[in-house]
Visitor: 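After the structure tokens below, expect a handful of questions from me.
Just so it is clear: chains get the letters A, B, ... in the order the sequence lines come, proteins before strands, and each one is counted from 1.
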Protein chains: 2
Amino acid sequence: MSTAPEGYDPHAFFPFAVTVDLAVFTVREARLHVLLVERGQAPYEGSWALPGGFVLPRESAEEAARRELAEETGLTKESVCSFHLEQLRTYTDPDRDPRMRVVSVAYAALVPDLPEPRGGGDAAHAQWWDADGTGPLAFDHDRILADARDRIGARLEYSCLATAFCPAEFTLGELQQVYETVWGVELDRPNFRRKVLTTPGFVQAVDGPPRRTGGRGKPAALYRAGAATALHPPLLRPEGRPEGRTS
Amino acid sequence: MSTAPEGYDPHAFFPFAVTVDLAVFTVREARLHVLLVERGQAPYEGSWALPGGFVLPRESAEEAARRELAEETGLTKESVCSFHLEQLRTYTDPDRDPRMRVVSVAYAALVPDLPEPRGGGDAAHAQWWDADGTGPLAFDHDRILADARDRIGARLEYSCLATAFCPAEFTLGELQQVYETVWGVELDRPNFRRKVLTTPGFVQAVDGPPRRTGGRGKPAALYRAGAATALHPPLLRPEGRPEGRTS
DNA sequence: TTCTTTATGGTCACTATGACTATAAAGAAG
DNA sequence: CTTCTTTATAGTCATAGTGACCATAAAGAA
């Protein structure tokens, strides 16, 4: 059998369907939430699934993911383009869809806590779920969701992308809450503060003396995401090794 | 247009070809090498490319990658299954192949310095190249290769997989050579030694007093890869941040 | 023998961090 | 208004981990 690119007939390939699946995360009320859609038809009718859809003939997978993200959140493409979107991995098990051969490119998206989780159109049936409280999902989406959570948790250690969960201006307490929620641990507040502030470019103080209202205690200073993307040295999870698979 | 999974006709999807591309790395003579194949037909006839091929109708991408790895290295599937193989990411640009719509799942493979780089069959035209000395490759393989090098370099920081470049028994000097070659830096030998030996499960001393022959200086003790897969705390590259893209 | 090379064992200073204490500034409770 | 609670912010101190060294051991080469 000739399967190498240099000895094949371009018209004799086996046709695959290619989809994107999105694990869209946000932090609401100190819990990690994920956006799910309810399936209206077989297979897995009535089950919940990660939002996703086919890659169109003339778009890349990332464009498809960004398009789906806008549709499911009900936001405009412009506002969606500021969200962190990251390719996770591709799922290719031959039996992952009982109907036909589908390979799915999975993406993780990190969004701030949105005022309205759903809008019109396709987004009407999308809903935020506590990431710990999802029942069994359709297809191999439990696996994809678990992989996505592992990846996001690991990324927080070595990158600055925790700010992607925060609004444009945020307090260090809110940023710490992101870490604590995603990792499921409690962090020491002064130590966290020291680490963030001594990492150049992680956050950037908002100049004036504006302070956040609403809460109970002393008002906190506001910060914006800085220019840095990597975290050196990393901010490692407490107690031992990172939990996720190390495959 | 209905692109969500819950409102589509399973027979109306756009057909994609799905391939795997492999970045197979080894360390030879203190240089990072990558396995390339010469293309025998258009497009990019005469160019060098990463080995790869179509995913068959009933196999997963990982199975396809493992199969291609065996074919291109000329080794048996049994010996190939011990090699580290890791999915990198998927490339989906609509124009990445001028002939048709092909999405490619890229894998990185880490192999020890093999006695015979090529065997019979498909492997006859495969050849090791210095990873710094590859000309422009076919398709988007320059990009894939660069991404693969970035990923491998980053993985050495947080995982124990440097041992995947080494034979079953190796000296700490050989292991250090892997780091120095992949990162392109020089490391302090006593410090490297201390780090590796104090990380539980990174390496495991070979019990007897056997020592490596052949070299110049004092014979070195032999080690095997340990049971650990993650490196905590990590072994960070010297001088500042990791170079690669942080996308 | 002497020199070179590699392996191995150690010291020392400094950085980053975990654990902890203290103070400041807000609202809530009395 | 005073006191309590809550959150933010500013420190201190001990220690683990690391980078930069130095020293010695054991081999082949000159």
Side-chain angles (χ1 to χ4, degrees), chain A residues 29-30 156-158 166 169-181 183 185-200 202-203 205-206 208-223 228 230-242, chain B residues 29-30 156-158 166 169-181 183 185-200 202-203 205-206 208-223 228 230-242:
Chain A
E29 295 154 13
L156 289 196
E157 294 191 312
Y158 310 114
C166 297
E169 298 192 339
F170 52 87
T171 70
L172 295 188
E174 291 167 342
L175 188 63
Q176 181 175 347
Q177 187 65 252
V178 169
Y179 277 89
E180 293 181 332
T181 300
W183 286 348
V185 299
E186 292 215 331
L187 300 177
D188 179 82
R189 200 177 285 267
N191 289 343
F192 178 82
R193 177 184 185 76
R194 177 182 58 191
K195 174 65 181 174
V196 171
L197 292 181
T198 60
T199 299
F202 193 169
V203 297
V206 171
R211 295 165 165 272
R212 168 136 302 181
T213 170
R216 283 281 290 278
K218 176 177 175 178
L222 290 177
Y223 295 85
L231 213 57
H232 269 266
L235 204 171
L236 297 175
R237 286 180 181 86
E239 30 198 321
R241 52 221 65 264
Chain B
E29 294 154 13
L156 290 197
E157 295 192 311
Y158 310 115
C166 297
E169 298 192 339
F170 52 87
T171 70
L172 295 187
E174 291 167 341
L175 188 64
Q176 181 176 345
Q177 187 65 251
V178 168
Y179 277 89
E180 292 180 333
T181 299
W183 286 349
V185 298
E186 292 215 333
L187 301 177
D188 180 82
R189 201 177 284 268
N191 288 345
F192 178 82
R193 177 184 186 74
R194 177 182 58 191
K195 175 64 180 174
V196 171
L197 292 182
T198 61
T199 300
F202 193 171
V203 296
V206 171
R211 296 167 163 272
R212 169 137 303 182
T213 170
R216 283 280 290 279
K218 176 177 173 179
L222 291 176
Y223 295 85
L231 214 56
H232 270 266
L235 204 170
L236 297 175
R237 286 178 180 88
E239 28 199 322
R241 51 221 66 263

Visitor: Relative to the 5' end of DNA chain D, which residue comes earlier, B/Pro234 or B/Lys218, by the nucleotide with the nearest heavy atom?
Guide: B/Pro234

Visitor: Rounding to an integer number of Å, can you tell me how far A/Leu222 CG sits from D/dA8 P?
Guide: 11 Å

Visitor: Would you indicate which nucleotide in C/dA16, D/dT9, C/dT8 comes nearest to any side-chain atom of B/Arg189?
Guide: C/dT8

Visitor: Just by modelled atom types, is the B/Arg193 backbone N or O under 3.5 Å from a matching donor or acceptor in the B/Gln176 side chain?
Guide: no

Visitor: All N/O contacts under 3.5 Å from nucleotides 10-14 of chain D to the protein, with atom names and distances to one decimal?
Guide:
unit_1, atom_1, unit_2, atom_2, d
D/dA10, OP2, A/Arg193, NH2, 3.2

Visitor: For the atom pair CZ (A/Arg189) and CZ (A/Arg194), what is the distance rounded to the nearest 0.5 Å?
Guide: 15.0 Å

Visitor: Taking the side chain as every heavy atom from C-beta outward, state whether B/Leu175 and B/Phe202 have any pair of such atoms under 4.5 Å apart.
Guide: yes

Visitor: Does the side chain of B/Leu235 reach to within under 4.5 Å of the side chain of B/Tyr179, using non-hydrogen atoms?
Guide: yes

Visitor: Of the non-hydrogen atoms in A/Glu174 and A/Glu169, which two are nearest, and what is the gap between them?
Guide: OE1-O, 4.4 Å

Visitor: Can you work out whether A/Leu235 or B/Glu174 has the more 5'-proximal nearest nucleotide on DNA chain C?
Guide: B/Glu174

Visitor: So which nucleotide from C/dA7, D/dA8, C/dT4 ends up closest to the side chain of B/Thr171?
Guide: C/dA7

Visitor: Without decimals, in angstroms, what is the distance between A/Leu172 CG and D/dT6 P?
Guide: 21 Å

Visitor: Could you write out DNA chain D as a dot-bracket string, with dots for unpaired bases, | for bases paired across to another strand, and Watson-Crick or G-U pairs counted at under 3.5 Å?
Guide: ||||||||||||||||||||||||||||||

Visitor: So, taking the atom named CG in B/Leu156 and the one named CG in B/Leu236, what distance separates them when rounded to the nearest 0.5 Å?
Guide: 12.0 Å

Visitor: What integer distance in Å separates B/Gln177:CD from C/dT6:P?
Guide: 10 Å

Visitor: What is the separation between atom CG on A/Leu175 and atom C1' on D/dT7, rounded to the nearest whole Å?
Guide: 16 Å

Visitor: Take atom NZ of B/Lys195 and atom P of D/dG17, then tell me their distance rounded to the nearest Å.
Guide: 7 Å

Visitor: With a 4.5 Å cut-off on side-chain heavy atoms, are A/Pro233 and A/Lys195 touching?
Guide: yes

Visitor: Return the value, rounded to whole Å, for the distance between atom CG of A/Leu187 and atom C1' of D/dT9.
Guide: 17 Å

Visitor: Once you round it to whole Å, what is the distance between P of C/dA7 and OH of B/Tyr223?
Guide: 11 Å

Visitor: Where do A/Pro234 and B/Pro234 come nearest, in terms of heavy atoms and distance?
Guide: CG-CG, 4.3 Å

Visitor: Given atom CZ of A/Phe192 and atom P of D/dT7, what is their separation to the nearest angstrom?
Guide: 16 Å

Visitor: Enter the distance from B/Tyr158:OH to A/Glu157:CD here, rounded to the nearest 0.5 Å.
Guide: 8.5 Å

